[in-house]
Structure formats: structure tokens, C-alpha cells
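We count residues from 1, following the sequence as given. Ligands are counted one by one from 1 in listed order, and the atoms in each one are counted from 1 as well.
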Amino acid sequence: MSTIKIHDKEFVKSIPSEEIAARVKEVAERINRDYAGKRPLLLGVLNGCFMFVSDLMKNLEIECEISFVKFSSYQGSETTGTVNQVMGLNESITGRDVIVVEDIVDTGLTMHKMLETLAQSNPASLAIASLFLKPARLRVPVEVKYSAFEIPDRFIVGYGLDYDGLGRNLPDVYDVKE
Ligand code: IMP
């Protein structure tokens with residue numbers, strides 16, 4: 001069993017890169033079928049999506065485009081709560097088939113807010129492709145049309161996902177050691 005240390009925590013290898021590659025290919029094949037004759041816009045959510053969206057796109061045979069957005073949290077000047085804002089969406093998504101590409105849907109709050117914001121621009125369709133989904137953690141209803149892995153409620157790193165900034169470069173995925 002392969003164990004690594006990041007900051008203060010130990011992690012154990014749980015999903016080897018070959019398995020990730022196979023699942024990503026399956027997701028791409030579904031998208032190839034579902035979007036045949038269309039030209040979807042992949043909207044990668046930074047930072048975590050970068051490896052997934054790259055491998056996903058390499059397996060797409062349909063015409064497709066890509067753009068990236070980032071979610072920023074800031075303290076609203078007039079409200080007390082934290083407000084999330086989609087940053088960097090420069091092109092119009094009106095009338096486009098948009099596939100939001102995310103590393104992991106955990107509570108679902110990020111994707112819920114993201115879809116709400118994107119829907120205001122009237123895209124032709126809106127779907128989520130997430131590498132990982134933690135169904136037990138969902139706090140709001142979010143339909144994840146394409147998910148490569150459904151995983152238990154455990155913190156993971158690797159293949160783009162980080163623990164406090166580190167671990168994104170790992171080609172395999174690791175579970176935190178309890
Ligand atoms: P949500 O809004 O709770 O669904 O959070 C989604 C974001 O939380 C992801 O895009 C990740 O950045 C982060 N996240 C959630 N779970 C994990 C994990 O197990 N490892 C690394 N990042 C995670």
C-alpha cells in the first residue's frame with residue numbers, strides 16, 4: 001500500500017491513474033454520444049478541474065470549445081454573509097450547450113450557486129461533469145449528469161485535487177488516513 005504525507009496528514013493510494021483514465025474515457029464517450037451534432041462549451045472550474053478537463057477533452061471527438069471560470073468568495077460590503085461570484089466568464093453562453101466541468105461535488109453548494117448564475121444567461125442546455133461525487137455529503141439538490149466516481153465521505157487528494165495547496169500534481173488519487 002502506497003502512503004504519502006502532505007502537510008500534517010497521511011494519505012493512502014485509493015484510485016490508480018489507470019482506473020481514472022478508464023473512467024474519464026467512459027464519461028467522454030457518453031458526452032460524444034449525447035452531444036453528437038452539437039458544439040458544447042466545456043466550462044472548467046479552476047483550480048481543481050485542470051487535469052480532468054484536459055484528459056476529458058482529449059477523449060472528445062465531437063466539436064467542442066473550452067473556457068475556464070473561478071469561484072471567488074468575498075465579504076459583501078453591504079451584507080454580512082460570504083458571497084460567491086463567478087469570475088472570468090468572458091464569452092456569451094446564451095444559446096450554448098454548456099458542460100460545467102468540476103473536480104468534485106461535495107456539499108453541492110458551489111455547483112448550485114454556479115448553475116443558478118449561469119442559468120440567468122439562458123444557455124441552450126446546462127449539465128455538470130464532475131470527476132468525483134460524494135452523495136452522502138450533498139446539502140442541496142444538484143443534478144450531476146456525468147460523474148466518473150461516486151465516493152464515500154472521505155477527504156481525497158491528487159489528480160488536480162489539493163490539501164491546502166499541495167497534492168494536485170499526483171497522478172493517482174489518495175484517501176486521507178483516518
Ligand atoms: P462543494 O461546494 O461543497 O460541493 O465543494 C466543492 C469544492 O470543495 C471542490 O471544488 C473542491 O475544491 C473542494 N473539495 C471538496 N471535497 C474535497 C476533497 O475531498 N478533496 C479536495 N478538495 C475537496
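Each of I31, I99, I66 was evaluated against L60; a single residue qualifies, I31, per the side chain to side chain contact (heavy atoms under 4.5 Å, CB included) test.
Ion pairing between E29 and K25 holds under the 4.0 Å rule for side-chain N and carboxylate O. By the 4.0 Å N-to-carboxylate-O rule, R96 lies too far from E91 to be salt-bridged with it.
Listed by chain and residue number, the protein contacts of ligand 1 are E102, D103, I104, V105, D106, T107, G108, L109, T110, K134, R154, F155, I156, L161, D162 (heavy atom within 4.0 angstrom).
Sequence neighbours left out, the pairs with a member in residues 128-142 that pass side-chain hydrogen bond (donor to acceptor under 3.5 Å, both in side chains) are D106-R137. The salt bridge (Lys or Arg N to Asp or Glu O under 4.0 Å) contacts involving residues 51-62 comprise D55-K58, where partners must be two or more places apart or lie in separate chains.
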Which donor-acceptor pairs under 3.5 Å do side chains of residues 37-48 form with protein atoms, sequence neighbours excluded?
from	atom 1	to	atom 2	distance (Å)
R39	NE	E63	OE1	2.9
R39	NH2	E63	OE1	3.0
N47	OD1	K70	NZ	3.2

